There are 2 protein chains.
Amino acid sequence: MPRVTLQTIADRVGVSRMTVSNAFSRPDQLSPALRERILAAAQDLGYAGPDPTARALATGTTGAVGVLLTDSLRYAFTDQVAGGFLGAIATELAPTGLAITLLTSSGTGDVVPARDVAIDGAVVYSCDPASPAVAWLRRRHLPMVFVDQDPADDVPCVNIADREGARAAAQHLADLGHRRFAIASALLEGHAARERQRGWSDVLDPLGVEPVFIRHPLEQTEGVRRDARALLSAADRPTAFLCYSDTTAAGVRQAAADLGLRVPEDLSVIGFDDGPVAARMQPPLTTVRQDVEEKGRVAAAALTEAIRRARTGPDGPVRHVLLPTSLVVRDSTGPAPRTPVRPAPPADPPADPPADPPALSRP
Amino acid sequence: MPRVTLQTIADRVGVSRMTVSNAFSRPDQLSPALRERILAAAQDLGYAGPDPTARALATGTTGAVGVLLTDSLRYAFTDQVAGGFLGAIATELAPTGLAITLLTSSGTGDVVPARDVAIDGAVVYSCDPASPAVAWLRRRHLPMVFVDQDPADDVPCVNIADREGARAAAQHLADLGHRRFAIASALLEGHAARERQRGWSDVLDPLGVEPVFIRHPLEQTEGVRRDARALLSAADRPTAFLCYSDTTAAGVRQAAADLGLRVPEDLSVIGFDDGPVAARMQPPLTTVRQDVEEKGRVAAAALTEAIRRARTGPDGPVRHVLLPTSLVVRDSTGPAPRTPVRPAPPADPPADPPADPPALSRP
DNA sequence: GCCACCATCTTGACCGGTACAGAACACGGC
DNA sequence: GCCGTGTTCTGTACCGGTCAAGATGGTGGC
């Protein structure tokens, strides 16, 4: 059976296709009586309203905006910090009626969502700016907002004071007398990783401190735990751990627990993000706070603004927003121990013993 | 300046529009040499490939599938169980290149994503089947899959054995000798809430046990905590708490902690879902396990299958999948105390004292 | 040398709507 | 009776692609 379109209804009612279209999209353009008749006929024929695809082509708007994330979409739903950010975008966007389309940065083969999916604009969240997906979005001349990303001149950007936050964290530990540092950083060299690294270096370099590094993909707390354990088993083990995120810090603290090291007496640990878990840890985690909800709200607002601009023409330079970070001192940091405690052999050996040597490196 | 379309490129190269289209979408339909020339011209003109909207209209596919969620999208990113489910959908869908469009069940005013956004199909996750959004999707004759939803004959459904799981939970506590029950249920009367209620009643009714109820919106642990505290302060307080989810159970356990009640000695608590937090609680939570990842995978597979069917014509009846649940006994449940302990006044009064009376009800 | 066949490119119709200008008609004022 | 105004509806031209069938020219078989 053939599909029901505007024409089907028009024929049935005996009016022009355009009038039927108006019945749905411009109620003020026809008499209420006729509109009722048309709507009734539509109902009768099982017509579900103007086809979104066709309407999108004709009007030039799709009613959806994209959110470009790193390769793994799962991350968006699993990580609490990313989740908070996306949730805030969703609530900010809700009144506008715009749906959110999730796009992955990694195109698998011939289908590339960033190139092939119809959207009105996009938020690019913490992606490699050189990735093909970002390039496609740019070529499409879509209204965009970059978040946690190297700023670009021609695109609105929302960032946080990564460097200042990291600096505050390192300074806090330095003030407490620590001089043997380890850093648990991200494996991927993103904007945030680079900036935080700079912040840590701002403090540590002048002190002549050379931290030991471990690097892992985000969310891989087990790897962090294993490598941190190896690091903390050494005779000249670090007394302070700077971490890329709260999740990373959780891995480090598990390693400390494995080895019977007390936090903060034997080891100070500092996180980043101040996500939901930070305050719930025992003892609560000292960390660098960022307001992910605000970041989401600002990003969503910037995107709707960019879309508006694309329609009405630009009215001023693109805005770059930098949100503040602040050090939240809780109980996972304390004065450097006089003589670093050699970790006692753990009471019962951890389920997953350190098998392979940790990935050490100095930049 | 005018937009670059296929025609622009066709004019430039001196071929027909169709040939340019083929250069992008059907490389085998023209000589490699000409294709190179066309692609070069396209590159030159800053053409980003065929317009997704127009292509969608012509081909009838959009490259995106919808996921319809309850009113609050934030929930999708915040709740770990929902997150696990959606993450599994995302990974299962990744190889197909389909993007995921998030739709809210509550249309705000004139824009209704479920009616107005172009998609190839949709997963309906735990929504009110009578909601307008579901009705719109159905009227659009979109390929659909219902998840955690009252089954419909003409739609593929994926559900879990809610009732059996709840029954096992209640039976476990009954076997331990408990006879004074409280139930922390969901505020919204969804499919899962109803089924679990049935499962609990299957066990409690024959025993003549009349549980006390508290109900709260999902994720509102503070409300649960407050009302549970009031309930547990009574002289004839319950010794066993059946909870709608692990999150709910966490609220109940906080209430117990507030009152100095020990779990499981003074109070047995049982959750539902076996999410990430269940095993991490102290002591670990006894709960009903469901495999949300599997649920996501099955749902995604069922959706691609439904989309395929819509194209090629049906080849058999629609499938209904019921995934198993199982009771995971950990350390939050134990034998019913002989004489229920009257809770001692808490050491330090909780930050948020029970202000208003709890919402008690018997069904 | 003729015809079938293939690769390559073109033509015209169509996907299902919307924008915009204008036609038809009723109404009120003078 | 005429004209300006407003409402209501229609006609035509798009929006930017793809599909299916046809034109064209070169190749190979016999």
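Protein chains get the first letters and strands the later ones, always in sequence-line order, with residue 1 at the start of each. The shown structure was predicted, so the numbers you read here are calculated from the model rather than taken from an experiment.
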Quick one: list whatever passes side chain to side chain contact (heavy atoms under 4.5 Å, CB included) with B:Ser126, sequence neighbours left out. B:Asp148
Do A:Arg17 and C:dG17 share a donor-acceptor pair, side chain to base, under 3.5 Å? yes
Just how far is it from atom CD1 of A:Ile89 to atom CG of A:Leu98, taken to the nearest 0.5 Å? 12.0 Å
Please tell me whether B:Asp120 and B:Thr62 have a donor and an acceptor in their side chains that are separated by less than 3.5 angstrom. yes
Please work out which residues in residues 30-54 of chain B have a non-hydrogen atom less than 4.0 Å from an atom of DNA chain C and list them by number. B:Leu30, B:Ser31, B:Leu34
Give me each pair satisfying salt bridge (Lys or Arg N to Asp or Glu O under 4.0 Å) with a member in residues 127-138 of chain A, each pair once, sequence neighbours excluded. A:Arg138-A:Asp154
Would you state whether a donor and an acceptor, one from the side chain of A:Arg55 and one from the base of C:dG16, lie under 3.5 Å apart? no
Tell me the bend of the helix from C:dG1-D:dC30 to C:dC30-D:dG1 as the angle between end helix axes, each from five pairs, rounded to the nearest 10 degrees. 40°
Using the test ring pair (Phe, Tyr, Trp, His ring centres under 6.0 Å), find all partners of B:Phe85 that sit at least two apart in sequence or belong to another chain. B:Tyr125
B:Thr5 side chain N/O closer than 4.0 Å to the phosphate oxygens (OP1, OP2) of D:dC15? no
Regarding B:Thr19, tell me which of base, sugar-phosphate or nothing describes its non-hydrogen contacts under 4.0 Å with the strands shown. base
Between protein and nucleic acid, restricted to nucleotides 19-27 of chain C and to nitrogen or oxygen atoms under 3.5 Å apart, what atom pairs and distances do you find?
residue : atom : partner : partner atom : Å
C:dA19  : OP2  : A:Arg26 : NH2          : 3.2

